[in-house]
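See structure below.
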Amino acid sequence: MSASMRLLVRRAIRLSDTNIQISAAARAAARAAARSSSCRCFSDAAEDRSTHFGFETVPETEKAKRVYKVFENVAQRYDIMNDAMSLGIHRVWKDMLLHAMHPQPGVRLLDVAGGTGDISFRFLEYVRSQQERQRRRAARSMQTPSWQDISNNYSTEDEDGPLESRAVVCDINKEMLKVGKQKADSMGISTGLSWVVGDAEELPFDDDQFDIYTIAFGIRNVTHIDQALREALRVLKPGGRFMCLEFSKVTNPVLARLYDAYSFQMIPVLGEVIAGDWKSYQYLVESIRKFPDQEEFTGMIEDAGFYCVQYRNLTGGVVALHSGFKL
Amino acid sequence: MAALLRGVRAGRALRGLSSVVAAPTATTPQCSSLSRGFHRAAPRLQDDFKSDKPPPSSSSTTFHEHYQAHSAEQDNTATASHEGAAAEQASRPNTSYQDQSGEQGEEYETEEQLQARILTAALEFVPLHGWSMEAIASGAETLGLSSASTGMFNNGAGDLVLHFITQCNSQLTEILAEQHKQVQLGQAESKATADFLRDAVETRLRMYIPYIESWPQAMSILLLPHNIPDSLKHLSTLVDDIWYYAGDRSTDMNWYTKRAALTGIYNTTELVMLQDSSPDFEDTWNFLDNRIQDVVNMASTAKQVQSTGEAVVQGLMGAAFTLKNLTGLNQRR
């Protein structure tokens, strides 16, 4: 119901051909959408509260729409831009996330703001190669199998069902999911992967569903981060793990200056040249600066109800990997 | 604000209830999702704890009392979860101040205690998976936690092995303390030092017998560079405890020599035990006997050597004096 309201609002905005002036009808619709949307805690004053959109200040209700438009515009060139902007290091960051996760066979992953599916693809590959290794180790230890063992093996080969790991990619933006699905098709991955449209602040899943919840470079775009964290707590099983990969504050001052210069001078230019969109990448860079730093974010995760919250700085603090458990 | 939160929780409870109806595989009572403690751990752990082996460490014995007292509350919450509107009513005592403080004392455990519980549960999977993350994952699953919770253990298998060692050490300390108390009460007689050491080391090494197949893997994990400080610390506290209960109160060089001797005995006996195939490890215990005898003999031999040395020195001095007399160097003119 709320999703359809939001869709109406978006169409109204596109028709009115501006992203600054919202027509009265759209504003009324937006207000109604806000009430029925995920901002349960702040029911009446939602449209009066403002939040940051990069370095701009915008009403909270508008931020989600503008973020949607940003990612809609960049979806086609998202992966190429990632490689160009981070000089390929984003692959290392995502691999380190998987290594820290060390998923056991048979776990269910929810990849929120998963967009083009990078984390999910890596997850499936990791689990499958682990299972391969285990199978090879079992085979090696049974050098001279008896007939009993061989017949058992034949029966267990189809039993991949209970140990099947599944990944669900959830994103609010349909364009990003479309690109991800195309990638999956071209890579030939079909089993164990689902694509779901959903809002991180209001996930379309029941409680206690997933073993691992990841959100890689997505949580800074969420309007109410604490809401998203609470939703993460809700959909995780007891013992489940929350992992968040996000740009953060660089600790080293020299590196910080270089990083700032690179972010503000180079990245929007790259955005214009490669993707034809200066503004979106300006937003991206500004939103990094607006995101709370490592310690503050750790506090937010603990407030949401997670335990054993830790973080690890990657590349000197450019990216931080936060992890918490639902115990 | 609290009312809003309660409203939110009610909403969640109702949604949760619908999912309980839809998915009857959910085992935890939905009411537990309302309170933030380890409330949901209680029903699972009731069963686990009863079937657990004799509680190894003192922290888990305190748990036993907590969860006994908790069974009444568990029934309360279990019945509450099956009623719709009444769920809020029945759970309100959980959120009221008075009960919350009592509840917090009983049901909240620290993260370390939960980790200890997971590792203890993981020990029964060691014969199957070895000392590895898979064993910890299986242990977590028996406690009803997702296998993703193994991420809490940064040291992986090392955490499991060190936890086991700590558990064995505390078990041994309890046994020795109990024996000591018996002696103090006069219900048993005190043993000779050699016998005491032999019995203590044998008791301690017998704790490895269920895991003896995979023990070489555990020893290799303990020898990894980042585990060496911890494993040495555990070994030294073990040896110190045994000597303390053996009655050693020395404050001189003997303190070091005694502990060094016992460390050597313990390590070598452990290695012998790894490749011992005799029934009930008889060869190992014989080896242990012989090593302890060696140390005892060494002590008396040392004394003998010292007194012999003194005697020899005196003899030589006498001979030199006689020679001096004979050659006339000793005369005073």
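Protein chains get the first letters and strands the later ones, always in sequence-line order, with residue 1 at the start of each.
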Would you compute the distance between atom [atom1] of [X] and atom [atom2] of [Y] and round it to the nearest 0.5 angstrom?
X: A:R108; Y: B:S146; atom1: CZ; atom2: OG; answer: 11.0 Å
X: B:L145; Y: A:K326; atom1: CG; atom2: NZ; answer: 11.0 Å
X: A:C308; Y: B:M152; atom1: SG; atom2: CE; answer: 5.0 Å

- Query: For A:R122, does the CZ atom sit with more than 12 other heavy atoms under 6.0 Å from it, leaving out its own atoms?
  - Reply: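 Atom CZ in A:R122 is crowded, with more than 12 foreign heavy atoms closer than 6.0 Å.
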- chain A-proximal positions within residues 215-228 of chain B [heavy-atom distance under 4.5 Å]: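 Residues in range: none.
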- Tabulate, in ascending numerical order, the residues of residues 131-141 of chain B having at least one heavy atom closer than 4.5 Å to a heavy atom of chain A, or enter 'none'.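 Residues in range: B:M133, B:E134, B:A137.
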- Item | Minimal non-hydrogen separation, B:G151 against A:R241, with atom names |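 Heavy atoms of B:G151 and A:R241 come nearest at CA-NH1, 3.4 Å.
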- Item | Backbone of B:S147 reached by a side-chain donor or acceptor of A:Q104 within 3.5 Å |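 Flag not set: sc A:Q104 to bb B:S147 has no pair under 3.5 Å.
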